[in-house]
Amino acid sequence: MIRITLPDGSVREVQEGTTILEVAEGLGPRLARSTACARFDGELRDVRERLAKDGALVLFTAGSPEALETLRHTATHVMAQAVKRLLPDAKLGIGPAIEDGFYYDFDLPRSLTEDDLAKISDEMKAIIATDLPITRREVSKKEARALLEKRGETYKLELVEDLEGDLVTLFEQGDFVDLCRGPHLRSTGGVKADAFKLLSVAGAYWRGDEKRPMLQRIYGTAFEKAKDLADRLWQLEEAAKRDHRKLGKDLDLFSIHEEGGAGLVCWHPKGARLRRTIEEFWYAEHDRAGYETVTTPHIGKADLWSISGHLGFYRENMYSPMDIDGVDYYIKPMNCPYQILIYKTRMHSYRELPIRMAELGTVYRYERSGVLHGLLRVRGFTIDDAHIICRADQIDGEIRRVYEFSMNMLSAFGFDTFDIYLATRPREGKAVGEPERWEQATAALRSALDARGLPYAVDEGGGAFYGPKIDIKVRDSLGRPWQCSTIQFDFNLPDRFDMTYIAEDGRQARPYMVHRALLGSLERFIGCLIETYGGAFPVWLAPVQAAVIPIADRHVAYAHDVAAKMKAAGIRAIVDETSERMNAKIRNAQLQKIPYMLVLGDREQEAGAASLRLRTEEDLGAKPIGEIIDLVRRTIDTKSLGLT
Ligand SMILES: [Zn+2]
Ligand SMILES: [Zn+2]
């Protein structure tokens, strides 16, 4: 162990060889953020100097998220230095670490090619090999301006003006200097030559503003170990293979048309079948869980959206109004107001509550065309929406039910890893509703989460202005999170719509209202399913569950016989009557990710059997048709993820 005496006299012990990153605190927010990090080598002099005022030391150990972020941020500087060496006219934009790696934006005299990325990468390796010290310098804005002007860094000059205070920090490594708040590793050698990779180039507007120049953004990623990089690259490759837009086309599930409009999805027969299977399951589960389903209109008068507050607070997500008999109507961005109108058509007694109203409600919201992405970001989508209207004494039980319901629903689709967040009351003045209501609602959310015993993160102050909420993300087999369920209290709409019920004492009381969606939007959920399973859906969801493959024309009649028996057993079967050879038919079925293939020849026909093959390329040999039907039925009924 190495003993470190800190400026305040306290002593910290650190394992020898530990990479630690030091950050000073207590020097005011700007200085604290700009303090350099160092790779610990027993020398703590620099840090001591910086902490001489009244600092405290925070140690990040190797492998911590902060350490990785610092490594990646340092990699962007190494990349920028390499770019400046190869293209001296390059102007620097910004270069942060991001969740999966890092990027840097450049204004360049020409477009970058794949070849350039290789050259930049090689230059980065040279910079890493020379292990240039990265030094931090605090200078006046005036000095920074002079230096950046000399270097022609017009974008950085603009950033200087936005910084508060008179001092800014520069970081230098050899011939390279950057305006940055840090922190960075102590030297360029801290970035591992075998553990970084430049991934792609994309256009990016300066400061995200479409009216400003388009810069070139180089994306890369970096890790502490080569093995971690290899894992990540495999993951990226696998994700590309599973891209739902590509599979949506290959498997003939859906399309989005230039002529129809961006972000508007057409479901093809197979995609619609998948969607209907999900909907039927959803309806059945909601019937069992005590929900009533409703259907509401797609457009509504401006008045309705004024009362609900959408025209006040949600206007930029709504489309322009249409004129109907001189009155403005809007296409609905949410389902809540109409469900509330249904509630309000008559008086409700405390005995009737809770009322659970559910709807597969299609809504339309404006998204900028640049952010639209297949099924994941669209302009029209269907929310598996429900509103629970209940009394104060019911909220605990109701929240617990919804949370359990959500977990069971998501588990049925094969998800078993969840990221759960509890978002609480925003700070004073940013929230509607009395504090006691917030406390009660938050306690109900908390107790439901605690009862299930799964870990969750608390997002302190992260609730909507109208109430606290639980968000649930599922993780797919590549470890990617997908936002699905949300359970939100609402103290706003019950007031705005003056919702009431007759309490036990005969007086009118205000009910609690909870909005919840379990799958989120069907579009995004199906996009998530496609990518999670790479199109090889669990049998119960597969649009086609079995392909019956006659070897020759003389087996076609028997094939139809077999398919009819399967259909009668509720199995989605097709007959491949094409004139292709058997092997081609099997390959086609495999490409279509059809779980079961029943191959029929003379022998099978005589025996009333079929040769059973799986999409996993396993060959189970000849089996009686009855046995095959039982097997397929069983995997459907149990929602099994396997095939046998
Ligand atoms: Zn930096
Ligand atoms: Zn709602």
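Whatever order the structure lists ligands and atoms in, that order sets their numbers, starting from 1.
- A donor-acceptor contact under 3.5 angstrom links the side chains of T486 and D471, judged on distance only.
- For the Zn ion (ligand 2), the set of protein N/O/S atoms nearer than 2.8 Å consists of C336 SG, H387 NE2, H515 ND1, ordered by chain and number.
- In this structure, R437 forms a cation-pi arrangement with Y512, its terminal cationic atom sitting closer than 6.0 Å to the ring centre and no more than 45° off the ring axis.
- The Zn ion (ligand 1) lies at the vertex of an angle of 100° between the NE2 atom of H73 and the NE2 atom of H184 (rounded to 10°).
- Using modelled atom types, no side-chain atom of T74 and backbone atom of H184 make a donor-acceptor pair closer than 3.5 Å.
- Considering all non-hydrogen atoms of both residues, K125 and A193 come closest at CE-O, 3.5 Å.
- Side-chain contact of H387 with Q339: a donor-acceptor pair under 3.5 Å is present, judged by distance alone.
- Judged purely by distance below 3.5 Å, without hydrogens or angles, the side chains of E359 and T296 pair a donor atom with an acceptor atom.
- Angle NE2(H77) to the Zn ion (ligand 1) to SG(C180): 130° [nearest 10 degrees].
- Side-chain polar atoms of S187 and D131 form a donor-acceptor pair below 3.5 angstrom.
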